[in-house]
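Keep in mind the model is a prediction, meaning the values are calculated, not measured.
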Amino acid sequence: AQPLIVAGRQIKSRAEIALIQTAMDASLEVQKAVHAGLRPGISTTEVSAFVNAAHRALGLDPLFVAVQFGEATAYPHGVPYPQTLSQGDMVLVDLGGTLQGYRSDITRTYVFGTPTARQSALWYLEQRAQAAAFAAARIGAPCADVDAAARNTLTDAGFGPGYAVPGLPHRTGHGLGLDIHEEPYIVAGNSTLLAPGMCFSIEPMLCVYGECGVRLEDIVWMSE
């Protein structure tokens with residue numbers, strides 16, 4: 001039944017998009033509150049607990065939260081130990097909530113304090129990769145083209161190639177709706193054509209193991 005389920009889910013109605021947008025707006029406010037509340041010595045565990053409480057306060061059920069500081073930001077799925085925040089650390093906060101069954105998912109990355117030239121260079125490269133993927137997301141384009149646009153930006157800057165690190169070791173995005181990960185998947189080899197109503201993330205993370213990582217994640221809705 002998977003083809004039938006995919007066909008029904010990956011094209012969102014206006015009502016579904018309104019729920020996802022409301023959830024995303026709330027989660028963006030949580031991101032802003034995290035940024036405003038950071039202080040030296042705060043732990044990733046404390047920030048995670050705040051994120052869950054903030055989602056509840058805004059009327060969402062907490063779905064997930066991943067908070068990483070410093071070198072731990074280099075790993076797409078985090079590390080199995082907490083970190084404490086210091087001046088100059090890269091900060092990565094990935095979070096989401098649920099509103100009437102529909103998900104939000106948003107990642108922000110920034111430096112706590114004054115960024116170094118290297119941190120700034122990596123951050124702006126990630127921003128360019130994300131912008132390239134946004135530009136490639138057009139009605140009728142295959143999902144693979146969106147992934148390629150982001151990946152090629154990083155490769156042209158000397159990262160990768162392909163899924164090699166330092167670079168982008170995972171897909172550029174995934175569908176969002178009743179599941180946190182659903183079709184369409186923004187990944188190499190996916191020839192699915194973008195159509196009105198599709199809703200998916202663009203998050204081409206730049207991973208530099210032993211140093212830091214940068215992920216900017218926003219959700220795209222394909223309108224007519």
Side-chain donor/acceptor of Q130 to backbone N/O of L216, under 3.5 Å: yes

Is there a side-chain contact (heavy atoms from CB on, under 4.5 Å) between M222 and F200? Walk through the geometry before answering. CA-CA 9 Å; M222 301 303 296; F200 53 88; 3.7 Å; yes

Would you say S201 and I186 make side-chain contact, with heavy atoms under 4.5 Å? no

For a 4.5 angstrom cut-off between non-hydrogen side-chain atoms, does I17 reach C199? yes

Minimum heavy-atom distance between S43 and F69, given as atom pair plus value: C-CE1, 3.9 Å

The ring-ring contact (aromatic ring centres under 6.0 Å, His included) partners of F112 (sequence neighbours excluded) come to none

Can you tell if the side chain of H77 reaches within under 4.5 Å of the side chain of Y75, non-hydrogen atoms only? no

State, with a plain yes or no, whether a side-chain heavy atom of F159 is found less than 4.5 Å away from one of L125. yes

Side chains of Y102 and E16 only: does a donor on one sit below 3.5 Å from an acceptor on the other? yes

Where S27 and G97 come nearest, the two heavy atoms and their spacing: OG-N, 4.1 Å

Is it the case that one hydrophobic cluster holds both V51 and V91, taking links as side-chain heavy atoms less than 4.5 Å apart, direct or via other members? yes

Whether Q31 side chain and I106 backbone form a donor-acceptor pair below 3.5 Å: yes

Would the distance check show the side chain of T98 and the main-chain N or O of L63 forming a donor-acceptor pair, the cut-off being under 3.5 Å? no

With a 4.5 Å cut-off on side-chain heavy-atom distances among I, L, V, M, F, W and Y, is there a chain of contacts connecting V67 to W123? no

Report yes or no: does E211 contribute a side-chain atom to a donor-acceptor pair with the main-chain N or O of A74 at less than 3.5 Å? no

With side chains defined as the heavy atoms from C-beta onward, is the minimum distance between R171 and N190 less than 4.5 Å? no

Mind checking whether V65 and L58 sit in one hydrophobic cluster, side chains of I, L, V, M, F, W, Y counted as touching below 4.5 Å? yes

Between CG on residue D25 and OG on residue S104, distance to nearest 0.5 Å: 10.0 Å

Any V220 side-chain heavy atom under 4.5 Å of F134 side chain: yes

Please step through side-chain contact (heavy atoms from CB on, under 4.5 Å) for the pair R9 and D179, ending with a clear verdict. CA-CA 10 Å; R9 280 196 179 187; D179 286 321; 2.6 Å; yes

Flag yes if more than 12 heavy atoms outside Y163 fall under 6.0 Å of its OH atom; otherwise flag no. yes

Check S191 against P142 and note the closest heavy-atom contact, atom names and distance. O-CB, 4.0 Å

Taking the side chain as every heavy atom from C-beta outward, state whether I20 and W221 have any atom pair closer than 4.5 Å. no

May I ask you to decide if G213's main-chain N or O and T73's side chain share a donor-acceptor pair within less than 3.5 Å? yes

Look at the side chain of R215 and the backbone N and O of L92, then say whether any donor-acceptor pair between them is shorter than 3.5 Å. no

In terms of hydrophobic clusters joined by side-chain contacts under 4.5 Å, are L60 and V34 together? yes

Atom pair SG (C143) and CG (L193), whose distance is rounded to the nearest 0.5 Å: 8.0 Å

Is the closest side-chain heavy-atom distance between R151 and T153 below 4.5 Å? no

Heavy-atom closest pair, residues L122 and C212: CD1-SG, 3.7 Å

In terms of ring plane angle, is the pair Y110 and H35 parallel, tilted or perpendicular, where the classes change at 30° and 60°? perpendicular

Measure from the side-chain N and O atoms of T44 to the backbone N and O of P82, and report whether any donor-acceptor pair falls under 3.5 Å. no

Nearest-0.5 Å distance that lies between atom OG1 in T107 and atom CD in Q68: 9.0 Å

Could you give the distance from CE (M24) to CG (L176), rounded to the nearest 0.5 Å? 7.0 Å

In terms of heavy-atom contacts, I202 and A133 come closest through CG2-CB, 3.5 Å

Where the side chain of E203 meets the backbone of G173, is there a donor-acceptor pair that is under 3.5 Å apart? no

Please check this pair: side chain of S86 against backbone of D89, looking for a donor-acceptor N/O pair closer than 3.5 Å. no

hydrophobic_cluster_shared for I5 and I11, side chain cutoff 4.5 Å: no

I would like to know whether H170 and L168 meet side-chain contact (heavy atoms from CB on, under 4.5 Å); could you show each step before the answer? CA-CA 6 Å; H170 58 72; L168 170 55; 3.7 Å; yes

Could you walk me through whether D61 and R103 pass salt bridge (charged side-chain N to carboxylate O under 4.0 Å, His left out), step by step? CA-CA 10 Å; D61 293 323; R103 279 43 172 163; over 6 Å; no

Where the side chain of Q119 meets the backbone of G88, is there a donor-acceptor pair that is under 3.5 Å apart? yes

Which atom of A136 lies closest to which atom of A141, heavy atoms considered: O-CB, 3.8 Å

Would you compute the distance between atom CE of M205 and atom OG1 of T172 and round it to the nearest 0.5 angstrom? 13.0 Å

Rounded distance (nearest 0.5 Å) linking atom CE of M90 with atom OG1 of T116: 7.5 Å

Derivation of the side-chain contact (heavy atoms from CB on, under 4.5 Å) call for L194 and V146: CA-CA 10 Å; L194 296 180; V146 182; 3.9 Å; yes

Taking the basic N atoms (NZ, or NE/NH1/NH2) and the acidic carboxylate oxygens, is any pair closer than 4.0 Å for E224 and R14? yes

